[in-house]
Student: 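Have a look at this one.
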There are 2 protein chains.
Amino acid sequence: MPGPEVADRQLAEFIEFARHLGKVAGDVILPHFRAALDVTNKKTDSGQFDPVTIADRDAEQAIRNEISRRYPGHGIHGEEHGLKPGSERFTWVIDPIDGTRAFMLGLLHWGTLIALNDGERPIVGVMHQPYTGETFFGSRLGAEFEHGATRRPLRVRRCVRIEDAMVSATDPAMFRKGPEREAFGEIARTARLTRYGGDCYAYCMLASGLIDLVIESQNQAYDLQALMPIVEAAGGVMTTWAGGSPQDGGQSVAAGDPALHKIALEILGSGVPRL
Amino acid sequence: MPGPEVADRQLAEFIEFARHLGKVAGDVILPHFRAALDVTNKKTDSGQFDPVTIADRDAEQAIRNEISRRYPGHGIHGEEHGLKPGSERFTWVIDPIDGTRAFMLGLLHWGTLIALNDGERPIVGVMHQPYTGETFFGSRLGAEFEHGATRRPLRVRRCVRIEDAMVSATDPAMFRKGPEREAFGEIARTARLTRYGGDCYAYCMLASGLIDLVIESQNQAYDLQALMPIVEAAGGVMTTWAGGSPQDGGQSVAAGDPALHKIALEILGSGVPRL
């Protein structure tokens, strides 16, 4: 359901509400972080291990309640409870804990992802890490970082060669054996440094000008939609490996420098599945 | 230079001083975290990339100054400025920023490592993360976690099978191709979950009862000595892959559960270099 561009004032209201949702989720999640194990197992379609915590489910319910109260006509698409279509064109696309594996291990690279999709694309994105108290958010109005009393704009850095690039991927095993893994491997071997274990946090560091490329696969829509407005408003580019919008998930490549993105796409193109 | 066991009162004094050193280092490091690039390149003997920041060097100098003032007879062994032998049996073994790659990328799994070696083994260990304000420390007197007003004991959890284990390693590329990588790979494939990108932070999560195995290679003495008293006082076991003390670096395996450590050693034994 495409529609006219959202006015600045309404956009600002949506951003504030998205940041509020991040904090609502954080309040639910934080008591479970590093608490005694409350992990259940869920198998994905591919049979891979996908831990889900009580925190994840309860936080999504809390977010859904807030949205239904404030914007009853908006749709909601979340990891835990699926899609609830709305009567208006707007849909909130949420992942209460992106990086559940890091969360389970007590590590820090996880966060709550909140996106607002206007029927065509995500127009607001928020990543909130309640343990560190950090919030990264972006929209057409700009990308910002908030941490306590600190609030500053986010800006990617220049990096035009793979050889100079700091590369991040959540897990080397996320790439399917064959052309996909080979394409990623070519970049990983060429890059100045490749680091694993970043999840949503890595995209925020790309928007902060500290990472040059984030390359992933097997994403869901809710893994990426909140990160797109942050990366883009900071000056970066984020697409699928085939160069299209990554808002439906699958393979993703984010680059701080558009020139580097172009080079990365040339290499990653060989890893795009043939249909 | 072995000597008699250090009395509790002196040990407590050393612990307080080690925690103080962590905070001194943090004050030097923190302004450089996520600041504009001040990274120089240094090649290790093996030719691998080893970033060193101004923060790393300045923090080590600040720590050395503090130690020389307070304990002029103690030795100092640090990553950046090498070994300064002491006239007494005690040596401070320090790594101002363990996880420099994570640090460079703006990620969170890094920290300052401070150990005090009594001539036989590390008897005090501190890991301090100045950005999150967390301190993990251990000695014969116990292992504790401090975060703002929170202070609580650290305790490993029970986990007796590789199949149930959460495994951490900093980087899959740290294992040399051949028997070493194969031995790690056997555990990684069997484990419930294997996660990369932890550095010193992963050992602290093992001591917190959230990770079951941390397996690494190509360590230096200053990468491990501060972590040994934390892991051991929390109830864990930490050795080389051959089962000896890991205080000189090389291959390391830490387990929360001694029974799991024994099983891991049986598998990792095939990856021990033949001399």
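Within every chain, numbering begins at 1; the chains are lettered A, B, ... in the order of the sequence lines, protein sequences first and strands thereafter.
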Student: Under a 4.5 Å cutoff for heavy-atom pairs, which residue among Thr132(B), Asp171(B), Leu105(B) has the most contacts with chain A?
Tutor: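 Of Thr132(B), Asp171(B), Leu105(B), Leu105(B) has the most heavy-atom pairs under 4.5 Å with chain A.
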Student: Shorter than 4.5 Å, heavy atoms on both sides: which option in Ser208(A), Gly198(A), Ala102(A) has the most such pairs with chain B?
Tutor: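 Counting heavy-atom pairs under 4.5 Å, the top option is Ala102(A).
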Student: Can a donor-acceptor pair be found, under 3.5 Å and without considering hydrogens, that links the side chain of His109(B) to the backbone of Tyr201(B)?
Tutor: no
Student: Under the salt bridge (Lys or Arg N to Asp or Glu O under 4.0 Å) test, which residues partner Asp223(A), sequence neighbours left out?
Tutor: none
Student: Residues of residues 250-258 of chain B under 4.5 Å from chain A (heavy atom pairs)?
Tutor: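 Residues in range: none.
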Student: Under a 4.0 Å N-O cut-off, is there an ion pair linking Asp164(B) with Arg157(B)?
Tutor: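 Judged by the 4.0 Å cut-off on N to carboxylate O distance, Asp164(B) and Arg157(B) do not form a salt bridge.
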Student: Under a 4.5 Å heavy-atom cut-off, does chain A meet the side chain of Thr194(B), its backbone, both or neither?
Tutor: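 It is the backbone, since no side chain atom gets that close.
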Student: Parallel, tilted or perpendicular: which fits the ring planes of Phe103(B) and Phe33(B), with parallel below 30° and perpendicular above 60°?
Tutor: tilted
Student: Which residues pass the ring pair (Phe, Tyr, Trp, His ring centres under 6.0 Å) test with Trp241(B), sequence neighbours left out?
Tutor: Phe175(B)
Student: Would you kindly say whether Tyr222(A) and Glu60(A) are connected by a side-chain donor-acceptor distance under 3.5 Å?
Tutor: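 Per modelled atom types, Tyr222(A) and Glu60(A) side chains form no pair under 3.5 Å.
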Student: For Arg181(B), what residues pass the salt bridge (Lys or Arg N to Asp or Glu O under 4.0 Å) criterion, not counting sequence neighbours?
Tutor: none
